[in-house]
2 protein chains.
Amino acid sequence: MQDSAERRPSFGKKFKYHHGALKPALLAAAEEILVTQGLENLSLRALARATGVTQAAPYSHFADKDELLAAVAEAGFQRLALQMADEATGQPDARGRIEKLIAAYIRFAVANDQLFCLMFGRELAEMKNYPTLAMTAGKSYALISAVLARRAGVDAEETRFQTLAIWSLCHGLAQLIMDERVEVGQFGAHDIDGFVRRAVGLFAAQLG
Amino acid sequence: MQDSAERRPSFGKKFKYHHGALKPALLAAAEEILVTQGLENLSLRALARATGVTQAAPYSHFADKDELLAAVAEAGFQRLALQMADEATGQPDARGRIEKLIAAYIRFAVANDQLFCLMFGRELAEMKNYPTLAMTAGKSYALISAVLARRAGVDAEETRFQTLAIWSLCHGLAQLIMDERVEVGQFGAHDIDGFVRRAVGLFAAQLG
DNA sequence: CCCTGCAACTGAACGATGCAAAGATTCGTC
DNA sequence: GACGAATCTTTGCATCGTTCAGTTGCAGGG
C-alpha cells in the first residue's frame with residue numbers, strides 16, 4: 001500500500017496538505033477509539049493514524065496528550081450534565097428531581113464506561129491545570145446541590161452534608177458497577193432506578 | 001560510579017549473582033516507589049533499577065507487569081481489611097461497628113492514595129485473571145456485609161440493599177476525597193469521623 | 001501580482017517503556 | 001562432582017510521548 005494513497009482520506013477536491021479541521025477531527029476520533037478500543041489503547045499515534053495525519057500533527061492543536069484528553073473529558077462532562085438536567089425536568093418535587101439526577105448519572109457511567117474512566121480517572125488528576133475542565137466537571141455536582149439548596153427550612157450546613165452524602169453514594173455506586181465489583185440486579189428491584197429510589201428514600205425525611 | 005559497586009546493594013558476605021530474595025524485594029520497592037513517585041512513575045525498569053537488578057530480572061518472578069501490580073494491590077487489600085477489622089473491634093452495636101469500618105476505609109484511602117488508586121484503578125480491571133486478588137479484595141466488603149447480616153429482624157433483601165448503599169457511599173466518598181473533588185472539612189464536623197457518623201445515621205432506623 | 005510572514009503539517013529522531021529470546025551463572029539434588 | 005532447574009544478564013524489538021528542523025499553503029501588504 002503506497003503511502004499517499006493509503007494514508008490520505010482523499011478530501012473531496014484535491015490533495016490537501018493541510019487537513020483543515022484537524023482539531024475537531026481528532027476529538028471525534030478520540031471518542032471513537034475510546035469506545036471501540038478502550039482508554040488504554042488511545043494513543044496519540046493511533047489517533048493520528050485514524051485521522052490520516054502524521055504523528056506530530058496533533059501537537060499543532062494540543063500542547064500535550066493530557067490537553068487532548070482533557071478536551072475529550074470536558075465534552076463528556078458537558079454531555080453528562082445535559083443528560084442529568086434533561087431527565088430531571090418535569091419532576092414536581094425535590095425528591096423526584098434528585099432521583100432522576102442520580103439515575104441519569106449512573107446510567108451515563110454504565111453506558112459510557114471508558115469515557116467515564118477518563119473523566120474520573122487518575123490521568124487527569126491534575127485537573128487544576130485545565131480550569132475550563134474543572135468548571136464543566138462541577139456542573140453535575142451543582143445540579144444536585146442546587147436542588148437541595150432550594151428547599152425551605154433546611155440550613156446550609158445540613159444541605160452541604162446531604163449533598164456530599166448523596167454525591168458520594170451516587171459516585172461510589174457508579175464506580176462499583178463499572179469496576180464490576182457489584183452487579184446491578186443483586187438487590188430486589190433488579191434495576192438502577194429501583195436502587196436509586198430506595199437510596200434516596202434514606203434522605204426522605206429531609207427531602208419532603 | 002562503577003557499575004558493580006553502585007548497582008549492587010552489596011549483600012553482606014560477597015557479590016551475589018543471584019539476588020536471593022528478589023520477589024519480596026520487588027514488592028517492597030514497588031510500594032516505596034508508589035508512595036514516593038506515584039503510580040504513573042512505577043515502571044518495571046525503575047523497579048529493577050531500585051532493586052539493583054537488570055530490567056528483565058522481574059520476569060523470573062512475575063509473568064507480567066500486571067501480575068506484579070496485582071500482588072502489590074493484594075497486599076494493600078490485606079492491610080485495608082486488617083485496619084478495618086482492628087478499628088471495629090470493641091464496638092458494642094452494629095452501628096458503632098459500621099461507623100468504624102467506614103471511617104477506617106476512608107482513612108486508608110486518604111493515607112495511601114496511590115496504593116488505593118492501584119487497588120481500585122483501571123489497570124487491574126481484569127481482576128478476574130487473578131483469583132486470589134479478587135478474594136482478598138472482597139474481604140473489606142465482607143466485613144460490612146457481615147455486620148449488617150448478623151442483625152435480627154432484617155430480611156436478607158433489605159440487608160443486601162443496605163450493604164450496597166453503605167458500600168457505595170463509603171467508596172464514593174473515598175474516591176471524591178482522593179481526586180480532590182471534595183474537601184473533608186467542608187461540612188460541619190470538620191473531620192471524617194463526623195461525616196461518617198452522620199452518614200451512617202441515615203440508616204439509623206434499621207441499625208438500632 | 002509578488003513577496004513575506006505565519007500557521008499547519010511532515011519527517012526524522014530521542015529517550016523511555018513493556019516484553020521476548022537466548023546466553024550466563026548459581027542452586028539444589030542425586 | 002555432575003546435571004537440570006531456577007535465577008539473572010544481555011540484547012533486541014515494537015510502541016509510545018515528545019521535540020525539532022524543515023515544507024507547504026494561505027492571507028495580507030507592497
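Because the structure is predicted, anything quoted here is derived from the model rather than measured. Letters A, B, ... mirror the listed sequences (proteins, then strands); counts begin at 1.
Taking the side chain to side chain contact (heavy atoms under 4.5 Å, CB included) definition, one finds that A:Ala56 meets it with nothing, sequence neighbours left out. Judged as a side-chain hydrogen bond (donor to acceptor under 3.5 Å, both in side chains), and not counting sequence neighbours, B:Gln175 has no contacts. Judged as a side chain to side chain contact (heavy atoms under 4.5 Å, CB included), and not counting sequence neighbours, the contacts of B:Ala46 are B:Ile33, B:Ser43, B:Arg49. Checked against side-chain hydrogen bond (donor to acceptor under 3.5 Å, both in side chains), B:Asp179 has the following partners two or more places apart in sequence or in another chain: B:Arg181. Residues satisfying the side chain to side chain contact (heavy atoms under 4.5 Å, CB included) test with A:Arg150, not counting sequence neighbours, are A:Ala146. In this view, B:Glu123 and A:Arg122 satisfy the side-chain hydrogen bond (donor to acceptor under 3.5 Å, both in side chains) rule, not counting sequence neighbours. A:Glu74 is linked by a side-chain hydrogen bond (donor to acceptor under 3.5 Å, both in side chains) to A:Thr132, A:Thr136, counting only residues two or more places apart in sequence or in another chain.
Aromatic ring pairs are classed by plane angle as parallel below 30°, tilted from 30° to 60° and perpendicular above 60°; the pair A:His171 and A:Phe120 is tilted.
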>> Reading 5' to 3' and counting Watson-Crick or G-U wobble pairs with both distances under 3.5 Å, write the dot-bracket notation for DNA chain C, | for bases paired outside the strand.
In response: ||||||||||||||||||||||||||||||
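Between B:Asp66 atom CG and C:dC19 atom C1' there is a gap of 12 Å when expressed in whole angstrom units. Protein atom CG of A:Leu47 is 13 Å distant from nucleotide atom P of D:dT18, rounded to whole Å. Between the CD atom of B:Glu40 and the P atom of C:dA16 there is a distance of 17 Å, rounded to whole Å.
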Please output the side-chain donor-acceptor pairs of residues 80-88 of chain B that fall under 3.5 Å, not counting sequence neighbours, one pair per line with the distance.
unit_1, atom_1, unit_2, atom_2, d
B:Glu87, OE1, B:Arg107, NH2, 3.2
B:Glu87, OE2, B:Arg107, NH2, 3.4

With 3.5 Å as the limit, what N/O pairs link the protein to nucleotides 4-7 of chain D?
none

Tabulated below should be each protein N or O lying under 3.5 Å from an N or O of nucleotides 15-17 of chain D; please produce it.
unit_1, atom_1, unit_2, atom_2, d
D:dC16, OP1, A:Ser43, OG, 3.2
D:dC16, OP2, A:Arg49, NH2, 2.9
D:dG17, OP1, A:Leu44, N, 3.3
D:dG17, OP1, A:Lys65, NZ, 2.7
D:dG17, OP2, A:Leu44, N, 2.9
D:dG17, OP2, A:Arg45, N, 3.4
D:dG17, N7, A:Arg45, NH1, 2.3
D:dG17, O6, A:Arg45, NH1, 2.8

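Within the structure, every pair that satisfies the side-chain hydrogen bond (donor to acceptor under 3.5 Å, both in side chains) test and touches residues 26-42 of chain A, not counting sequence neighbours, is listed here: A:Glu31-A:Arg79.
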